[in-house]
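Have a look at the structure below before the remarks.
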Amino acid sequence: MKQIPYWLDTAPALPDRSGKDLPDEADVVVIGGGLTGLSTAYHTARKGARVVLVEKDKVGSGASGRNGSMCTQGLTISPAEARKRYGQERARELYDAFRDAVDVVEELTQKEQIDCDFHRSGRLGVAFKPQHFESMRAKQRDLAENFGHETVVLSKSELRAELGSDFYHGALLDPLSAALHVGKFVHGLADAAERVGAEIHERNAATGLTRLPGGGFLVETLHGTIRAKQVMAATDAYTDQSMPWFRKRLINVGSFIIVTEPLGEERARQVIPKGRLVVDSKNIGHYIRLTPDNRLAFGGRARFAPSDPASDIKSGDILKREMTEIFPQLAGVRIDYVWGGMVGFSWDRIPHAGDVNGLYYSMGYCGHGVQMATYMGRAVAEMMDGNPEANPLRGLGFPKVPVPFYNGTPWFLPFGGAYYKAKDKLR
């Protein structure tokens, strides 16, 4: 069993982008080589700026290569909650941005000829409890009437044609959400960024930032210092102590995934007949999909613990047990991959983007990072070019005052996890 992300292990080999000399200066320095950083670098370089991206490991080694490889529509909060918080007009604007984000990913794959198995597979939000299914009926009406988005409610009997399991009580199908191979997408986006002129420096962490009196920043890295007119922080859940302001405003949650041995075409279609993406409605829920080579990827929180080799194995055992509870027909299937990673959550469960004293950022994707990180990279490129209206999250920046008694280490997660697991058990 490999303890590395399936998506990175099965993507084309990366070139070695480490060991290069840093230039003395750049128009833009991007910190972080995930989808946010790569998209920012790509779109900024296309505008003619000299762009340098520094990444402490390899591109895609953080959350961008460790996720469920889903590119889904919909907000990180319910439509009703969005309307309550922001009003109908602003909620609709946010919903449109999340929907447009999937289009941006698709456009990039076509424009740059990134072969990453992108296709509009559709997403099944499956109901763990009967009352969750009733909520889905209300959500369908809300989406159609107030957000112009058509979805399909599937009863438990109708769901049987979509899922080889009787575990759930129905579903809400969003037909336009997409699947892709995120490892291939990350690698392709890095190649595209270089083609348009961005420089990528791997294994070269940013270690400090100094604002300069005349404007701009001095960016300190492990392998040199570079002067930048503008800096973009694209580190999300992997933000370290060099940027404490952001660490105090993000909750980093572990998420874990197992991937089975190849099931074969026939057996795979017995599990998810139409190849949908599946996300359940539990508080501590699961995300499930078939891979391009007909394995089952099964992910979830599993344990409220950081990712390391021993922790990943324990989480994998939990996930296999939960997988076979949902799909008893997979009880004897071999697990070929297990890995973990961190997901960046904001306190209000909405991504945030903007600038803090001239330092640009986009973080807190709350599990919707594949599409929103890519989209927000493009938006930040526009913001840095003097177009603040391009930010769909404008006015929703991180609070200026951090949460009391929180320094970036989520000590409270085991308690919260126990509470929500208990709620899930009350059926």
Side-chain angles (χ1 to χ4, degrees), residues 5 7-66 69 104-118 180-206 219 221-236 238 360 362 369-371 373-385:
W7 308 113
L8 298 180
D9 191 46
T10 57
L14 279 169
D16 185 0
R17 297 182 170 104
S18 63
K20 299 184 291 185
D21 292 335
L22 276 175
D24 293 329
E25 58 184 21
D27 295 318
V28 175
V29 169
V30 178
I31 301 172
L35 288 171
T36 306
L38 291 171
S39 180
T40 303
Y42 168 82
H43 287 99
T44 307
R46 280 184 60 86
K47 290 175 169 290
R50 185 176 188 184
V51 183
V52 173
L53 182 151
V54 292
E55 160 59 42
K56 64 182 175 183
D57 196 342
K58 302 280 283 182
V59 295
S61 59
S64 294
R66 296 177 173 274
S69 206
V104 168
V105 173
E106 184 173 28
E107 289 164 9
L108 267 175
T109 64
Q110 295 171 350
K111 183 182 183 69
E112 295 297 337
Q113 298 183 328
I114 301 174
D115 181 9
C116 62
D117 304 292
F118 181 97
L180 78 168
H181 187 303
V182 76
K184 294 179 181 179
F185 181 57
V186 168
H187 290 195
L189 189 53
D191 290 342
E194 288 186 321
R195 283 196 300 271
V196 296
E199 296 182 35
I200 298 176
H201 295 256
E202 295 177 324
R203 305 198 189 283
N204 189 15
V219 184
T221 79
L222 288 177
H223 302 299
T225 302
I226 180 170
R227 182 188 296 265
K229 296 176 183 176
Q230 295 173 305
V231 175
M232 164 60 174
T235 48
D236 198 31
Y238 290 79
Y360 288 88
S362 181
V370 172
Q371 66 279 8
T374 307
Y375 179 89
M376 289 309 301
R378 187 182 73 170
V380 171
E382 290 296 327
M383 292 156 60
M384 290 192 294
D385 198 26

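Keep in mind that what you see is a predicted model, and the values were worked out from it rather than measured.
The backbone N or O of H181 sits nowhere less than 3.5 Å from a side-chain atom of D117 that would complete a donor-acceptor pair. Remark: side-chain polar atoms of T221 are paired, donor with acceptor, to backbone N or O of G224 under 3.5 angstrom. R66 places a side-chain N or O within donor-acceptor distance of the main-chain N or O of S61, the cut-off being under 3.5 Å.
The minimum heavy-atom distance linking K47 with A381 is given by the pair CE-O, 3.9 Å. Here the closest heavy-atom approach between residue M384 and residue T44 is recorded as CE-OG1, 3.7 Å. Annotation for V219 and A206: closest pair CG1-CB, 4.3 Å, computed over non-hydrogen atoms. Contact detail for T40 and G377: the closest heavy-atom pair is OG1-CA, 3.3 Å. When all heavy atoms of I31 and T235 are compared, the closest pair comes out as O-CG2, 3.6 Å. Closest heavy-atom contact between K58 and P15: NZ-O, 3.5 Å.
Looking at L189 and S39, their side chains come closer than 4.5 Å, going by heavy atoms from C-beta outward. Between L108 and H43 there is a side-chain heavy-atom pair separated by less than 4.5 Å. Contact check for K184 versus I114: no side-chain heavy atoms found under the 4.5 Å cut-off. Inter-residue side-chain proximity for V28 and Y360 is flagged as unmet; no heavy-atom pair is nearer than 4.5 Å. The shortest side-chain heavy-atom distance between I200 and L38 falls under the 4.5 Å cut-off. Between S64 and V182, every side-chain heavy-atom pair lies at or beyond the 4.5 Å cut-off. At least one side-chain heavy atom of M232 sits less than 4.5 Å from a side-chain heavy atom of T36. Counting heavy atoms from C-beta on, the side chains of T374 and F185 come closer than 4.5 Å.
Applying the side chain to side chain donor-acceptor pair (under 3.5 Å) rule to T109 yields no partners; only residues at least two apart in sequence or on another chain are considered. With sequence neighbours excluded, the residues that form a side chain to side chain donor-acceptor pair (under 3.5 Å) with D57 are R203. Evaluation of the side chain to side chain donor-acceptor pair (under 3.5 Å) rule for S362 yields Y365 as partners, not counting sequence neighbours. Scored by the side chain to side chain donor-acceptor pair (under 3.5 Å) test, S18 finds D16 as partners (sequence neighbours excluded). Applying the side chain to side chain contact (heavy atoms under 4.5 Å, CB included) criterion to L8, with sequence neighbours excluded, gives P5, H187. In this structure, the side chain to side chain contact (heavy atoms under 4.5 Å, CB included) partners of A198, at least two apart in sequence or on a different chain, are A41, A45, V51, A193.
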Between V54 and L22, is a side chain to side chain contact (heavy atoms under 4.5 Å, CB included) present by the stated rule, with each step listed? CA-CA 9 Å; V54 292; L22 276 175; 4.2 Å; yes
Check the pair R17, E55 against side chain to side chain contact (heavy atoms under 4.5 Å, CB included), reporting the backbone distance first and the verdict last. CA-CA 10 Å; R17 297 182 170 104; E55 160 59 42; over 6 Å; no
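L53 contributes atom CG, which lies 10.5 Å from atom CG of N204 (distance to the nearest 0.5 angstrom).
For the side-chain hydrogen bond (donor to acceptor under 3.5 Å, both in side chains) with Y42, the qualifying choice from R195, R378, E194, E112 is E112, the only one to do so.
Residue-environment remark: CD (Q110) exceeds the threshold of 12 foreign heavy atoms within 6.0 Å.
Taking 4.0 Å as the cut-off between side-chain N and carboxylate O, R50 and D27 do not count as a salt-bridged pair.
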